[in-house]
Amino acid sequence: MNSRPIGIFDSGVGGMTVLAEIAKELPNEDLIYLGDTKNFPYGDKSKENIIKISKKCVEFLISKNVKLIIIACGTATSQALEELRKEFTIPILGIISPTVDSIKKGVKESSKSIIGVIATEGTIRSNKWEQELKEKIEDITVINKACPLLAPMAEQGWTENKVAEETIKEYMSVFRDKNIDKLILGCTHYPLFKELIEKELGNDVEIINTGEKIAQYVTNYLNEQNTNNDKTNKADCKIYLTDTECNFINVVSILLKNSNIENKISKIDIEN
Ligand code: DGL
């Protein structure tokens, strides 16, 4: 047993889609969330910058005595995970490998899968999703599409209005007539657009929310390591933001169906 909290970070509200899934799967685990709103968006920053910022996030979470860190961000996973693992001894999980492993389990041998990936510019530029998918699954075709407008729109809470509808329609047009069977939401802000994406692509395309996959992975991981919290623990969740919350409270209240979210938020400076 290990009663220390799990640390989770992202540039803003997106990683809360991962936190929500973890909270569902692991109701006894205390969670500490860091939303690095000061450095939002991560998606258009250089790899060097993402590594630098991610190190600060990890250091902050370590100072909160977490037992495990989840990078609830596709951009930081794709560009900083390797470096972070070299530098820190604490277990650090990203969103790419658990998702690819889970897809691999579901793919029938010798079936030719066509998988779409949508993510930030930085993630698509890194090519990490395509590399890992092709390394682990035979005979697959990957179609990548960067969707740089979606994370800023999600931060504003523009996930269901006319602008969101038109933007999703435009971004999804690359997948039209391509017969994709799955679409990976490679940025953790994108599950906030899931309904619009489903509407655009139809029911035959499986939409993959990385938060669900990482939550299942973390459940197995804690069981294997025997580092779960006590079953009687009623989980606590603390949220730290590095700058103003933008639309954080509204978005998160919907996501977690929790109107008390204000009381859980503190502002911090991770740079000094
Ligand atoms: N939610 C993040 C991701 O998964 C970051 C989006 C951004 O800050 O641009 O990539």
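Whatever order the structure lists them in is the order used to number ligands and atoms, beginning at 1. Only this structure's heavy atoms are used, side chains among them; waters, hydrogens and symmetry mates stay out.
- No donor-acceptor pair closer than 3.5 Å links the side chain of S102 to the backbone N or O of K213.
- A side-chain hydrogen bond (donor to acceptor under 3.5 Å, both in side chains) check over residues 3-23, counting only residues at least two apart or in different chains, returns the pairs R4-N65, E21-K24.
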For a distance cut-off of 3.5 Å, show me each N or O of ligand 1 paired with any protein N or O, plus the separation.
unit_1	atom_1	unit_2	atom_2	d
ligand 1	1 (N)	D10	OD1	3.1
ligand 1	1 (N)	D10	OD2	3.2
ligand 1	1 (N)	T188	OG1	2.9
ligand 1	1 (N)	H189	ND1	2.7
ligand 1	4 (O)	G74	N	2.6
ligand 1	4 (O)	T188	N	2.9
ligand 1	4 (O)	T188	OG1	3.3
ligand 1	8 (O)	S11	OG	2.6
ligand 1	8 (O)	Y42	N	2.7
ligand 1	9 (O)	Y42	N	3.4
ligand 1	9 (O)	G43	N	2.8
ligand 1	10 (O)	G74	N	3.4
ligand 1	10 (O)	T75	N	3.1
ligand 1	10 (O)	T75	OG1	2.6

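- In summary, the aromatic rings of Y42 and H189 are positioned with their centroids too far apart to meet the 6.0 Å limit.
- Sorted by first and then second residue, the side-chain hydrogen bond (donor to acceptor under 3.5 Å, both in side chains) pairs with a member in residues 222-232 read N223-N228, D230-T232; sequence neighbours excluded.
- A 6.0 Å sphere centred on CG of N203 holds no more than 12 heavy atoms belonging to other residues, nucleotides or ligands.
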Residues 190-202 side chain polar contacts: donor-acceptor under 3.5 Å, at least two apart:
unit_1	atom_1	unit_2	atom_2	d
Y190	OH	A119	O	3.2
Y190	OH	C147	O	3.0

